[in-house]
Amino acid sequence: MLGHALVVVSDAHLGVTPPGIEEALLAFFEAVPDQGDCLLVNGDLFDFWYSYRRVIPRRGFHVAAALARLARRMPVLMVGGNHDRWGGDFWQRDLGVRFDPHRLSFRVGDRQVAAIHGDGLTEANRRAALLHRIINHRATSAVYRTLHPEIGLRLVELLSPHLGDHTYDEAKLALAAERQRQWAERLMAREPDLGLVVMGHTHQSATMRTAGGGEYLNPGAWFDGYRYAVATAAGAELRRFSPTAS
Ligand SMILES: [Mn+2]
């Protein structure tokens with residue numbers, strides 16, 4: 001068991017969001033021990049992250065250092081998103097952060113928790129599904145690794161605006177959130193010992209209790225008003241961080 005109060009944050013997309021988003025996140029990481037006793041970063045912390053064998057992307061330095069500091073005080077877990085799945089062994093070996101590119105399973109209080117970012121599960125269009133397959137293919141990562149990091153990271157900066165799942169269409173966003181909630185419900189039906197399924201990716205904050213007593217949680221996107229959530233035995237609570245008040 002990790003603890004009793006799981007703090008969840010997701011989808012900060014650092015690197016393409018304004019610098020204030022990262023500054024607020026650093027302040028939030030300092031405040032996490034007042035909010036709970038374990039932290040889950042549920043994917044797309046960075047708009048792009050790639051763990052090279054000998055090079056650390058400079059843009060992520062401050063956030064990585066803050067997570068390493070926090071991981072000495074409490075369990076810190078991280079799930080890869082479609083933007084930062086290539087974590088390798090960096091998070092675990094160098095920072096003491098438990099990382100999985102796809103899914104983590106753990107216990108908080110008396111509940112079994114599954115943490116999954118949520119890309120590639122319910123994408124409505126074929127282009128997004130195809131992109132998901134290409135980006136996650138082992139060959140893509142192997143070829144990318146051979147590029148010099150200055151070139152590789154610049155290439156992603158240039159391509160990223162064209163690869164993203166950026167939509168501002170309210171109806172599409174609501175549909176994506178609904179599809180994800182239904183997917184989580186099916187997962188809980190398949191794995192009845194699950195008490196909580198935490199997801200991200202849609203950037204739509206939501207909590208829901210199932211008939212079977214399980215709970216689904218999406219904290220929403222950090223970049224969208226510093227959203228996060230705290231999950232305890234009493235249930236998950238959606239919150240927003242005030243950097244100035246801390
Ligand atoms: Mn995502």
Side-chain angles (χ1 to χ4, degrees), residues 7-18 21-22 25 28 39-51 57 59-60 63-64 67 77-88 90-91 97 99-104 113-137 140-141 144 153 156-157 159-184 187 197-207 216-229 238:
V7 180
V8 183
V9 65
S10 180
D11 295 276
H13 288 268
L14 302 178
V16 298
T17 44
I21 303 292
E22 177 173 343
L25 187 65
F28 172 71
L39 173 71
L40 167 67
V41 180
N42 207 25
D44 289 358
L45 172 61
F46 301 101
D47 202 67
F48 183 67
W49 177 273
Y50 192 88
S51 287
R59 267 185 174 175
V63 164
L67 284 175
L77 299 88
M78 188 159 127
V79 169
N82 47 317
H83 290 256
D84 56 7
R85 184 147 284 141
W86 306 273
F90 171 69
W91 301 104
V97 170
F99 175 82
D100 190 277
H102 298 285
R103 171 179 170 166
L104 282 175
V113 184
I116 302 153
H117 180 63
D119 57 290
L121 303 173
T122 60
E123 260 81 358
N125 63 70
R126 281 165 60 190
R127 183 173 170 272
L130 179 66
L131 259 174
H132 177 84
R133 286 227 308 278
I134 293 171
I135 287 172
N136 284 290
H137 202 284
T140 311
S141 176
Y144 188 80
L153 294 170
V156 172
E157 273 173 22
L159 289 178
S160 167
H162 310 285
L163 291 176
D165 26 32
H166 316 296
T167 178
Y168 299 98
D169 184 328
E170 295 270 336
K172 275 187 193 160
L173 290 171
L175 183 66
E178 175 60 15
R179 281 207 171 102
Q180 181 177 88
R181 190 186 61 73
Q182 288 171 3
W183 185 90
L187 180 70
V197 173
V198 188
M199 301 184 76
H201 188 59
T202 63
H203 304 167
Q204 308 295 298
S205 56
T207 54
Y216 155 74
L217 164 68
N218 186 325
W222 173 262
F223 73 76
D224 176 24
Y226 310 143
R227 290 172 201 276
Y228 70 103
L238 299 170

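One-based numbering, in listed order, for ligands and for the atoms of each. Just so we're clear, the structure is a prediction, and the values are computed from it rather than from any experiment. Residue numbers start at 1 and run along the sequence shown.
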> For H201, what is the atom name of its N, O or S atom nearest to the Mn ion (ligand 1)?
Replying inline: ND1
> Looking at residues at least two apart in the chain, or sitting in another chain, which of them share a side chain to side chain contact (heavy atoms under 4.5 Å, CB included) with F99?
Replying inline: M78, W91, P101
>> Taking 2.8 Å as the cut-off, does H83 contribute an N, O or S atom near the Mn ion (ligand 1), distance below it?
In response: no
>> the Mn ion (ligand 1) and D11: any N/O/S contact shorter than 2.8 Å?
In response: no
>> Checking one value in my table: which N/O/S atom of D44 lies closest to the Mn ion (ligand 1)?
In response: OD2
> With E157, which residues qualify under salt bridge (charged side-chain N to carboxylate O under 4.0 Å, His left out), at least two apart?
Replying inline: R59, R154
> Do you know which of Y144, F46, F48 makes ring-ring contact (aromatic ring centres under 6.0 Å, His included) with W86?
Replying inline: F48
> Is the F90 to W49 ring centre distance short of 6.0 Å?
Replying inline: yes
> Which atom, counting only N, O or S, brings H117 closest to the Mn ion (ligand 1)?
Replying inline: NE2
>> Other residues, nucleotides and ligands only: do more than 12 of their heavy atoms fall within 6.0 Å of NE2 on H137?
In response: no
